[in-house]
Undergrad: 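The structure under discussion is supplied below as structure tokens; questions concerning it will follow.
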There are 4 protein chains.
Amino acid sequence: MTTESRTARTVVLGQNQYGKAENRVVRIVRDGTTHHIKDLNVSVALSGDMDDVHYSGSNAHVLPTDTTKNTVFAFAKEHGIESAEQFGIHLARHFVTSQEPITTARIRIEEYGWERIARSGTEPGAAGPAHSFVRTGQETRTTQVTFDGRNWEVVSGLKDLTVLNSTDSEFWGYVKDKYTTLKEAYDRILATDVSARWRFNWTEDTQRVPDWNTSYTEVRKHLLQAFADTYSLSLQQTLFQMGERIIGHRSEIDEVRFSLPNKHHFLVDLEPFGLKNDNEVYFAADRPYGLIEGTVLRDGCEPRIPADLTSL
Amino acid sequence: MTTESRTARTVVLGQNQYGKAENRVVRIVRDGTTHHIKDLNVSVALSGDMDDVHYSGSNAHVLPTDTTKNTVFAFAKEHGIESAEQFGIHLARHFVTSQEPITTARIRIEEYGWERIARSGTEPGAAGPAHSFVRTGQETRTTQVTFDGRNWEVVSGLKDLTVLNSTDSEFWGYVKDKYTTLKEAYDRILATDVSARWRFNWTEDTQRVPDWNTSYTEVRKHLLQAFADTYSLSLQQTLFQMGERIIGHRSEIDEVRFSLPNKHHFLVDLEPFGLKNDNEVYFAADRPYGLIEGTVLRDGCEPRIPADLTSL
Amino acid sequence: MTTESRTARTVVLGQNQYGKAENRVVRIVRDGTTHHIKDLNVSVALSGDMDDVHYSGSNAHVLPTDTTKNTVFAFAKEHGIESAEQFGIHLARHFVTSQEPITTARIRIEEYGWERIARSGTEPGAAGPAHSFVRTGQETRTTQVTFDGRNWEVVSGLKDLTVLNSTDSEFWGYVKDKYTTLKEAYDRILATDVSARWRFNWTEDTQRVPDWNTSYTEVRKHLLQAFADTYSLSLQQTLFQMGERIIGHRSEIDEVRFSLPNKHHFLVDLEPFGLKNDNEVYFAADRPYGLIEGTVLRDGCEPRIPADLTSL
Amino acid sequence: MTTESRTARTVVLGQNQYGKAENRVVRIVRDGTTHHIKDLNVSVALSGDMDDVHYSGSNAHVLPTDTTKNTVFAFAKEHGIESAEQFGIHLARHFVTSQEPITTARIRIEEYGWERIARSGTEPGAAGPAHSFVRTGQETRTTQVTFDGRNWEVVSGLKDLTVLNSTDSEFWGYVKDKYTTLKEAYDRILATDVSARWRFNWTEDTQRVPDWNTSYTEVRKHLLQAFADTYSLSLQQTLFQMGERIIGHRSEIDEVRFSLPNKHHFLVDLEPFGLKNDNEVYFAADRPYGLIEGTVLRDGCEPRIPADLTSL
């Protein structure tokens, strides 16, 4: 073990954080014979006065990652899980206010959706026991809550929401250089796996707290509608329309960032087989794919969501 | 290159097959401004008189895998895709009847579901252009069609349908040996990712062809309802109930095989924190998991689905 | 819950098995300051007199999957892990001989390789403490041990061994039909992810037990050398050469089955850019891929490895 | 399509970039009968004057992502691939200097390693044809090259290098709060999948260019040796030691960032079975895992590597 004194160091510690990642907590609420389920994947990252543990291995300032895991499960009982955001706020506040060396806590949460299975002879919503669920399997809802003891930053989002327009998409009028061979397209499939993150302008405890679940539902709706409504001349244009729609309709949000793979669907050449392919048969390619990324901001707001989006 | 004569061989060729796997074909049907989409992953496996290509590398009997790929895309145009099963039947028949050395064709198909996105100001199903889709993301529908020139075998199924009962599941009364430490459970979560395959009794062209899409919808419904209806004393019991329900309701099906991981949700011990966990907070574990597999058969029928289920 | 009596059933139970899958056991052996590591993923599948648990949920014959997990970890201590095969034999024998209702046990094991990290100032193999390892990351070694109380079947293998020949591969002289567009190739890349399973002719306790670790090392060597040595006119030919080499050199093995994706590397057309591509620049495609599968047998032996290979 | 004039906008475009991601290029160099292989996954991200394409869909400034793909393959021929870094520099310079609207290009590359397969009867390195390869399967080498027309930033790295110390790791003396249940450990397994990124101080064309391949080999060596040499009281300490070793030995590097999952190996309690587990049998857990992230800097240098590491 190296035991240099710090004064002699030619290397120093920069930004650092630690915690337990991917705590898979499932919370059941029993309302008589009707049960409710919340299914989360919670990752904790703490930072603060942590030089010693890096320089000498002293853990005197280190709350174990195992403890952060225990806290996640205990808080699921103590506070319940009304929304991923609210749950993250409870956790972040706890770590920063209860541990002196911890100055910032960042909680990342993925949420998986479930819908009810109706028993035979009944319809969804009918009276009777309701404790059977099937995972929706569609997008994963995400949030990132950061607290530095004074201000909050909440960036929520979704990922793996796969959408496709089978027409009303064109791509032409682009730059041609010596490496350009692409033919212009006047009717193509436009498909992407939407990964989006949006930042709330709620930053202080004195502000009115957004209704996180309503906000999510509405953002998702506007995003999908903007995708469906837009006659697209480029995926960038669709990206901006989705962001504009969200910020235009949701005053609680100031910034949206998208990462949109252009999932190419190539029209198959059927002429060698004496067949005409009138935009009917496509080959769905894996790689490479276009990757279109961008931020849409409320005018006058500063961007804070970094270019690289990760959820864990 | 070894050039032994075949007569001198001490090793021989056994079962073999070849073809192009994972052809990702997307088929759009335009009914005016209303579009329909089918999204398949098609794998072709051909077998027959293929000794020479293995022994000497002679490709004289080999239809290239590239050709099998072309055929998939051409058939999507020529025959359309009414159902994965019907599409597989067209392909299997073609390879066996058009290529003398090919005696058996097996087509495996995965199908990914899509639902419509409504434009803003409209509801799903409203009049107006309809060409926007979002992937359902739930289970993958599968089929395997095998044709030997005379008989058909169709084994359809689904995978990755994740279901959970938050109560009405117990586990007790089991064998205890010296390695047993498990506590009996009288109220537990029961969760699994359903992987199921069911075999149709349609085997000859002279028989009436099942309505493949209706059959799928109904099997899925019965499977889910059986999961929800069953007060479970073991996952094996739930498995059998699901199979019995399917065979009892669907006369076109003689055999069902399931592979059901028991996705453990462990009740978290919150007592160290002075909290009571009354079946509210669970840790969802990844590995290890129980794995329960079994076949349910119509009485008098012979089993044909092998123990190991794969879809590609 | 359905409560039909068994006599009235129109559905019956077929093949079934259960157990704990993917037990991740790491075993350290300390030989002074030199440590040795075995890193396994063990899956247990038991079958026997299990009708009741399926029909009524009675667990009276069911050794819990949790107990099978405990047994895996306890046996890692009691018996050590000399090889995956030997460890699987201990486990399979235990379950069949100690539990009356269990008539067959199948143990599947994946093994991950590790190599030593040398300390600074030393070379691998030097004296001094040796307890640091880096995962090799290459192929996964597998085995499947099945015991029915009388006979053994051991099928070992490997998967995800990615190999590539940058020349000495051709493909021509194949069948052309109306869907064939492929150009013949006289110098192409041949690449595949080898998945192989080989069956030992050791079936009874009275026979001399193979040296499992030597056998694995030698089979892997012959397989790789056959791939490198073969001037290939088709991937089928390479498959047969690999199988023949293994059976020809290893008398303990009677059967080998391969599943070989043909990982296409397409020569990129650089002519539009005024460049000649003399087999230098390739696009490595993901899907679709050719899939070549086949069994090679010692003459006179019966095939027993099923067409679909799975390792878990 | 929305056609608001920009002056009326209440939303604006922020940071954005686009390009083709995951171009899988394989480059063969034939030196007589000895071949050499480079196997890369190249992602291009361009940014600059791109407002119009987002606001109106005009592609007048857009070089198609398809063209960026073509350029990758053409440059593999024109410039060869001496190292991932050198190849990225050629590409980034080209896009920024040849396209007026493009002001910044960021090239991300993953490189997969291959080693030679010896023919039978020969040893690796022996004379004779050498065109057979097996993928090493160990870590993935990465680089990110960014050019803004004036300055370069090169951040290279690796990911998925799995390492384990079977002793010489402790964890004790940490903070205990009401949610702490962890027992102190005086001899534990320490295992992680190393993900590291290091930034070069080469930023201008006038500086001497580092030997990228030597640099990579040496960084990897120091990182592994530091892991093996360190008697660890915390994973943070090991992280810092690895960073210090790299910066201390490699003058071309000013900053290193690590993301290190603490891959827990739990000692299995074998006492219920009458067995003593003297640090011999471990359960390797998947989730949750500790996640330790941190930057190590040359004293006086500014940090530039963002907290979230992604390679694509």
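Per chain, numbering begins at 1; letters A, B, ... match sequence-line order.
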Undergrad: Please identify, among C:Arg108, C:Met50, C:Glu255, the residue contributing the most non-hydrogen atom pairs under 4.5 Å to chain B.
TA: C:Arg108
Undergrad: Counting distance only, does the side-chain N/O of C:His249 pair as donor-acceptor with the main-chain N or O of C:Arg245 below 3.5 Å?
TA: yes
Undergrad: Are any side-chain N or O atoms of C:Arg199 and backbone N or O atoms of C:Ile305, one a donor and one an acceptor, separated by less than 3.5 Å?
TA: no
Undergrad: Counting only heavy atoms closer than 4.5 Å, note whether B:Lys20 contacts chain C via side chain, backbone, both or neither.
TA: both
Undergrad: Hey, does the side chain of C:Asp308 reach the backbone of B:Ala307 with a donor-acceptor pair shorter than 3.5 angstrom?
TA: no
Undergrad: Tell me which of these, C:Val296, C:Asp177, C:Thr65, C:Leu239, has more heavy-atom pairs under 4.5 Å with chain B than the rest.
TA: C:Asp177
Undergrad: Can you tell me which of B:Leu63, B:Asn16, B:Ile292 forms the most heavy-atom pairs within a distance under 4.5 Å of chain C?
TA: B:Leu63
Undergrad: Taking all atoms of both residues into account, what is the closest heavy-atom pair of C:Leu190 and C:Phe227, and its distance?
TA: O-CZ, 3.6 Å
Undergrad: In terms of side-chain heavy atoms, does C:Thr238 have a donor or acceptor partner in C:Thr230 at a distance below 3.5 Å?
TA: no
Undergrad: Does the side chain of C:Glu170 come under 3.5 Å of the side chain of C:Tyr231 through a donor N or O and an acceptor N or O?
TA: yes
Undergrad: Counting only non-hydrogen atoms closer than 4.5 Å, does B:Thr295 touch chain C with its backbone (N, CA, C, O), its side chain (CB onward), both, or neither?
TA: both
Undergrad: Side chain from CB out, backbone as N, CA, C, O: work out which of these in C:Asn262 comes under 4.5 Å of a heavy atom of chain B, or both, or neither.
TA: neither
Undergrad: Thinking salt bridges, do C:Arg24 and C:Asp39 make one under a 4.0 Å N-O criterion?
TA: yes
Undergrad: With a 4.5 Å cut-off on heavy-atom pairs, point out which of B:Lys176, B:Arg287, B:Arg257, B:His264 contacts chain C the most.
TA: B:Arg287
Undergrad: Among C:Leu260, C:Thr71, C:Val256, C:Val44, which has the most heavy-atom pairs under 4.5 Å with chain B?
TA: C:Thr71
Undergrad: Looking only at atom types and distance, does a side-chain atom of B:Thr192 sit under 3.5 Å from a main-chain N or O of B:Pro261, one as donor and one as acceptor?
TA: yes
Undergrad: Side chain from CB out, backbone as N, CA, C, O: work out which of these in B:Gln99 comes under 4.5 Å of a heavy atom of chain C, or both, or neither.
TA: side chain
Undergrad: Measure distances from B:His61 to the heavy atoms of chain C and classify the residue's part below 4.5 Å as side chain, backbone, both or neither.
TA: backbone
Undergrad: I'd like to verify something: which residue of C:Pro303, C:Ala60, C:Gly19, C:Gly294 has the highest number of heavy-atom pairs under 4.5 Å with chain B?
TA: C:Gly19
Undergrad: Could you tell me which portion of C:Thr67 (side chain, backbone, both or neither) has an atom closer than 4.5 angstrom to a non-hydrogen atom of chain B?
TA: both
Undergrad: Without swapping roles, check the side chain of B:Arg298 against the backbone of B:Ile247 for a donor-acceptor pair under 3.5 Å.
TA: yes
Undergrad: If I measure from the heavy atoms of chain C, does B:Asn41 come under 4.5 Å with its side chain, its backbone, both, or neither?
TA: side chain
Undergrad: With chain C, which of B:Tyr174, B:Phe73, B:Trp172 has the greatest number of heavy-atom pairs at distances under 4.5 Å?
TA: B:Tyr174
Undergrad: Quick one about C:Asn70 and B:Thr181 (side-chain donor to acceptor, distance below 3.5 Å, no hydrogens or angles considered), yes or no?
TA: yes
Undergrad: Of all of C:Gly57, C:Ser43, C:Ser234, which one pairs up most often with chain B through heavy atoms under 4.5 Å apart?
TA: C:Gly57
